[in-house]
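One structure is given below, encoded as structure tokens.
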There are 2 protein chains.
Amino acid sequence: MRQRLNAEAAELKFREVLARHGLKWTAERRTILAIVRSLPGHFTADDLAGHVQRAGAGVSRATVYRALPLLVEAGLLQPMVLGGEVRRFENALSGPHHDHLVCTACGRVVEIEVEAFEILQREVAARHGFRLSSHVHELYGTCAGCQRTSERSADAPAR
Amino acid sequence: MRQRLNAEAAELKFREVLARHGLKWTAERRTILAIVRSLPGHFTADDLAGHVQRAGAGVSRATVYRALPLLVEAGLLQPMVLGGEVRRFENALSGPHHDHLVCTACGRVVEIEVEAFEILQREVAARHGFRLSSHVHELYGTCAGCQRTSERSADAPAR
DNA sequence: CTTCATGCAAAAGATTTGCAAGTTC
DNA sequence: GAACTTGCAAATCTTTTGCATGAAG
């Protein structure tokens, strides 16, 4: 139901985020975007940096790292937790389980609790013969306030 | 719908994981478990280590770090991505979006695609005035094969 | 022209590991 | 007893920053 984004659409999304932050569209960021589009499957931040460097054009690691959050904000890169190498946790014992709705512009976090998700998750897991123990479920986007801000002006402070 | 786990249940879960890996139930791990249960909200691996250290009993940082993956496997700690400080990504452009079903015992990853999740997510986001751009959704548990293995013997190799 | 970007190399952090001595099973 | 743990400190790794120079708007 969700169509594959072509190069043009991807560039548009990226530039939109840049504009929103008053940042510039440079050759380096263009290169990084291209590599990101070309990488299949899962990869680490460092992997990506490596690919970009090897890809010829001398784009430094620092520049790649600096682009990461922007790419995520543009929805071109999707953060993952696979493998458990995370830095951040939440006590899974206190109170009922909840997921998170995070504003990528201002950082606000809304905790949500949706019974339907839980049920659906169990169903899917069962269908694959899995016995669930936990999960990570976070939704990223912009909250009402930040949407208004970015519509009004393109030089809105990042946070 | 999901009840708060009491100390006993938590210990049971933890010891179960330890047994499954042929590991031991030590005073240090007991301390760590206690602190984990006491910490509310979100925290980093380092935060936890700090708390444990300050909590008196001289449990070293290294020991805490070593216990982390076990706690997650036991479902007592829930990994999160909040804040975007992740090390791992996935190209959000190639093909339709999918979530992950991960076996914490053997590491197998099954990619799942459930339309209902997407719809529900959009609904929840809308209800809070958010415009979604991406999300992380990973389910952790044990696959059919690993379930059988751990039932048969407690000394099954971790992976 | 003013503001932002980049590379470099250094700095800062976070996590992991080797080892000798002490514990659990 | 054998196998697994721990603390410590050193070793690794990853990610971030300061600065001077070079582009983009």
Side-chain angles (χ1 to χ4, degrees), chain A residues 11 14-33 35 43-72 77 79-81 83-89 153-159, chain B residues 11 14-33 35 43-72 77 79-89 153-158:
Chain A
E11 182 179 319
F14 193 21
R15 298 187 64 161
E16 188 181 308
V17 170
L18 291 177
R20 188 182 312 157
H21 288 259
L23 305 182
K24 292 163 181 175
W25 177 233
T26 67
E28 288 81 358
R29 303 220 241 238
R30 184 171 8 236
T31 302
I32 294 172
L33 174 58
I35 304 289
F43 46 87
T44 65
D46 209 60
D47 283 343
L48 172 57
H51 276 278
V52 171
Q53 291 207 300
R54 263 169 271 125
V59 177
S60 89
R61 254 184 159 58
T63 300
V64 174
Y65 273 98
R66 289 192 265 236
L68 248 24
L70 299 170
L71 289 162
V72 171
L77 230 42
M80 303 196 321
V81 178
E85 25 174 303
V86 208
R87 305 159 167 290
R88 199 157 283 206
F89 304 89
S153 60
D155 52 72
R159 38 183 66 202
Chain B
E11 182 179 320
F14 193 21
R15 298 188 64 160
E16 187 181 309
V17 170
L18 290 177
R20 188 183 311 158
H21 289 262
L23 304 181
K24 292 162 181 174
W25 176 233
T26 66
E28 288 81 358
R29 303 221 241 237
R30 180 167 15 231
T31 301
I32 294 172
L33 174 58
I35 304 289
F43 46 87
T44 64
D46 209 60
D47 282 342
L48 172 58
H51 275 279
V52 171
Q53 290 207 301
R54 261 169 273 125
V59 177
S60 88
R61 254 184 159 57
T63 300
V64 174
Y65 273 98
R66 287 190 267 236
L68 249 24
L70 299 170
L71 289 163
V72 171
L77 231 39
M80 303 196 321
V81 179
L82 285 186
E85 24 174 301
V86 208
R87 305 159 167 292
R88 198 157 283 205
F89 303 89
S153 59
D155 52 74

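Keep in mind that what you see is a predicted model, and the values were worked out from it rather than measured. Just so we're on the same page: letters track the sequence lines, and every chain starts at 1.
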Legend entry - Candidates B:V17, B:L77, B:V64 - the one meeting side chain to side chain contact (heavy atoms under 4.5 Å, CB included) with B:L71: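 Of all the options given, the one that passes is B:L77.
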
What integer distance in Å separates [X]:[atom1] from [N]:[atom2]?
| X | N | atom1 | atom2 | value |
| --- | --- | --- | --- | --- |
| A:R20 | D:dG25 | CZ | P | 17 Å |
| B:L68 | C:dA14 | CG | P | 14 Å |
| A:D46 | C:dA14 | CG | C1' | 14 Å |
| B:R61 | D:dT12 | CZ | P | 21 Å |
| B:L48 | C:dT15 | CG | C1' | 14 Å |
| A:E28 | D:dT21 | CD | C1' | 13 Å |
| B:Y65 | D:dC13 | OH | P | 17 Å |

Inset, instruction - Kindly compute the distance separating CZ (B:R15) from NZ (B:K24), expressed to the nearest 0.5 Å. - result: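 B:R15 CZ to B:K24 NZ: 13.5 Å, rounded to 0.5 Å.
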
Inset, instruction - Could you grab the distance from atom OG1 of A:T31 to atom CD of A:Q53, nearest 0.5 Å is fine? - result: 12.0 Å

Inset, instruction - Please determine, for the side chain of A:A62, which listed nucleotide (C:dA9, C:dT6, C:dT16) has the closest atom? - result: C:dA9

Legend entry - Among D:dC4, C:dT16, C:dG7, the one nearest A:V59 by side-chain distance: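 Among D:dC4, C:dT16, C:dG7, the one nearest the side chain of A:V59 is C:dG7.
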
Legend entry - Heavy-atom check, side chain of B:D46 versus side chain of B:Y65, under 4.5 Å: yes

Inset, instruction - Kindly give the heavy-atom pair with the smallest separation between A:L33 and A:E11, and that separation in Å. - result: CD2-CA, 3.7 Å

Inset, instruction - Grab the two heavy atoms, one from A:R61 and one from A:A49, that are nearest each other, plus how far apart they are. - result: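 Shortest heavy-atom contact: CG-CB, 3.8 Å.
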
Legend entry - Test side chain to side chain contact (heavy atoms under 4.5 Å, CB included) applied to A:T63 - qualifying residues, sequence neighbours left out: A:E28, A:I32, A:V59, A:S60, A:R66

Legend entry - Overall bend - the helix from C:dC1-D:dG25 to C:dC25-D:dG1, comparing terminal axes fitted on five pairs, nearest 10 degrees: 60°

Inset, instruction - Identify whether any heavy atom of B:R66 sits under 4.0 Å from a base atom; if not, whether one sits that close to sugar-phosphate; answer base, sugar-phosphate or nothing. - result: base

Legend entry - Donor-acceptor contact present, side-chain B:R30 to main-chain B:W25, <3.5 Å: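 Judged by distance alone, no pair lies under 3.5 Å.
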
All N/O contacts under 3.5 Å from nucleotides 22-25 of chain C to the protein, with atom names and distances to one decimal?
unit_1, atom_1, unit_2, atom_2, d
C:dT24, O2, B:K24, NZ, 3.1

